[in-house]
Structure formats: structure tokens, C-alpha cells
Amino acid sequence: QLQLVESGGGSVQAGGSLRLSCAASGSGFRINAMGWYRQAPGKMRGSVATITSGGTITYADSVKGRFTISRAKNTVDLQMDSLKPDDTAVYYCNVNTDYPNVRNYWGQGTQVTVSS
């Protein structure tokens, strides 16, 4: 069974920075893609940034140039700079495996609050 542990998040003023980290642990699995999603109150959960095992990175248009995703083995980080109040949300780590089966795993979520 794969487990995800998230860290980081918190409260910051607009223009500030935060860093999120997610570590996947367990055995017998192969990770395909890792990434971060977010869900603001009253809104659907949406992708923020993803990185595949081959290194392909995708960002949501709203965070391009401000957020940076990075991956080292089974850890994925999200560096968030120039934060805006609209970035306020619960951020979820997501891991997609392709062995022993194709499956999505979610972290517990971490709150990011940006005040103006």
C-alpha cells in the first residue's frame, strides 16, 4: 500500500512564498506521475502542476511563472512564489501508479491561505 505524507502550507501575505512537499512510501509499486491539485471553497478540485516519470511538467495557466514543481525519486515539491489571494485553497498531493495497477492516490491535503 502506498502512503503519502504532505508537509508545508500555512498562511502568508500576498507576494510571499510557501513550499509544499509530498513523500510517497511503500513497496511494490511504480510511480508514473506526481503532482499537486487544489480545491478552494465552493469550487472543484483542479490540477496545479504535474510531473511525469519522464520529466514532463504541466502547469495550470494561473500559476505559470510563479510555481515550480520538482521531483526527486518518490518526493514531489511545489515551490510557490508571488502568491495571490486567489491561490488560497486546500492543496492535495496526487500520485499515479502504473504497477502493479493503474491507480490514483491522494494526500490528506494541506491548507494554504494567502491574505491581501
Heavy-atom closest contact ([X] atom, [Y] atom, distance):
X: A33; Y: R71; answer: CA-NH1, 4.2 Å
X: C93; Y: V76; answer: SG-CG1, 4.0 Å
X: S82; Y: S17; answer: N-OG, 4.4 Å
X: L20; Y: M80; answer: CG-CE, 3.7 Å
X: M34; Y: A24; answer: CE-CB, 4.5 Å

Determine which pairs satisfy salt bridge (charged side-chain N to carboxylate O under 4.0 Å, His left out) with at least one residue from residues 93-116, sequence neighbours left out, and list them in order.
R30-D98
Residues 44-52 side chain polar contacts: donor-acceptor under 3.5 Å, at least two apart:
unit_1, atom_1, unit_2, atom_2, d
T52, OG1, G54, N, 3.3
T52, OG1, G55, N, 3.3
T52, OG1, T56, N, 3.1

Can you give me every donor-acceptor pair (side chain of residues 109-116, partner residue at least two apart or in another chain, under 3.5 Å) with its distance?
unit_1, atom_1, unit_2, atom_2, d
T110, OG1, G8, O, 3.1
Q111, NE2, A89, O, 3.4
Q111, NE2, T113, OG1, 3.3

A side-chain contact here means heavy atoms from C-beta on lying under 4.5 Å apart; do F29 and N74 qualify?
yes
Is there a side-chain contact between R38 and D87 (heavy atoms, below 4.5 Å)?
yes
Scan residues 85-104 for pairs that pass ring-ring contact (aromatic ring centres under 6.0 Å, His included), counting only residues two or more places apart or in two chains.
none
If the condition is ring-ring contact (aromatic ring centres under 6.0 Å, His included), which residues does Y37 pass it with, not counting sequence neighbours?
W106
Flag for D81-Q79: side-chain donor and acceptor within less than 3.5 Å
yes
Shared hydrophobic cluster for V5 and Y105 (ILVMFWY, side-chain gaps under 4.5 Å):
no
Establish whether F67 and V90 are linked, either directly or via other cluster members, by ILVMFWY side-chain heavy-atom contacts under 4.5 Å.
no
For T68, check side chain to side chain donor-acceptor pair (under 3.5 Å) against everything at least two apart and list the hits.
none
If I take atom OG from residue S27 and atom CG from residue L2, how far apart are they, to the nearest 0.5 angstrom?
9.5 Å
What distance do I31 atom CD1 and T97 atom OG1 have between them, rounded to the nearest 0.5 Å?
8.0 Å
Taking atom CD as the centre, does Q13 end up with more than 12 heavy-atom neighbours from other residues, nucleotides or ligands that are less than 6.0 angstrom away?
no
